[in-house]
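Have a look at the structure below before the remarks.
Each ligand, and each atom within it, is numbered from 1 in the order the structure gives.
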Amino acid sequence: MKNLYIDFDGVILDTITPVYNLAKKLNIDVKTQTKEVGLLYSKIDWETLIEESPALNDSLDAIEKLRQSKKFNISILTHINSLKEAKSKIEFLNSIFDDLTIIPVPKSCSKTMMTQTKGAILVDDYSGNLKEWEEKEGIGVKFTKDKEDNCKYINITSLEELINLF
Ligand SMILES: [Mg+2]
């Protein structure tokens with residue numbers, strides 16, 4: 001079994017669109033005002049946000065199929081801005097899956113600092129995380145809503161694709 005780490009925001013749930021919409025309302029530019037965005041993330045009511053965020057391309061069903069394939073040892077590896085955010089994500093995932101490993105990563109730490117990376121797969125929508133992962137001899141897989149042209153990484157639009165890729 002291959003070790004497989006799956007990002008949460010932008011891969012499992014589309015939590016990013018609601019946050020960016022809120023930022024827009026508050027006149028925060030997500031590209032330049034990173035400090036303000038961080039503050040926004042820490043103040044958000046994560047329980048509501050998770051309820052309002054749609055699953056991306058049937059991600060929850062796909063995770064179940066990945067588990068049934070018995071090809072992967074699956075963990076969710078997610079950056080968090082606050083313990084409240086971690087708790088909401090943990091409770092959400094536990095309400096759906098039994099016996100799943102969830103690793104919350106403090107926003108200021110690299111995902112590579114939290115677990116072994118050598119030969120392990122990371123599925124993430126953020127190229128920065130994939131770059132760090134591959135620098136530590138891991139396999140980076142980029143998740144996007146739609147296929148990306150000239151993607152530097154293996155590109156998938158559904159988690160289910162992993163079953164045939166590995
Ligand atoms: Mg993400």
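- There is no side-chain donor-acceptor pair under 3.5 Å between Thr157 and Asn57.
- The minimum distance between the Mg ion (ligand 1) and any N, O or S atom of Asp9 involves atom O.
- With 2.8 Å as the limit, Asp7 counts as an N, O or S neighbour of the Mg ion (ligand 1).
- Applying the side-chain hydrogen bond (donor to acceptor under 3.5 Å, both in side chains) test to Glu134 and every residue at least two apart in sequence or in another chain returns nothing.
- Of all the N, O or S atoms in Asp125, the one closest to the Mg ion (ligand 1) is OD1.
- With hydrogens and angles ignored, the 3.5 Å screen pairs no side-chain donor or acceptor of Asp7 with any backbone N or O of Val123.
- Between the side chains of Glu52 and Thr48, no donor-acceptor pair is found at a separation under 3.5 Å.
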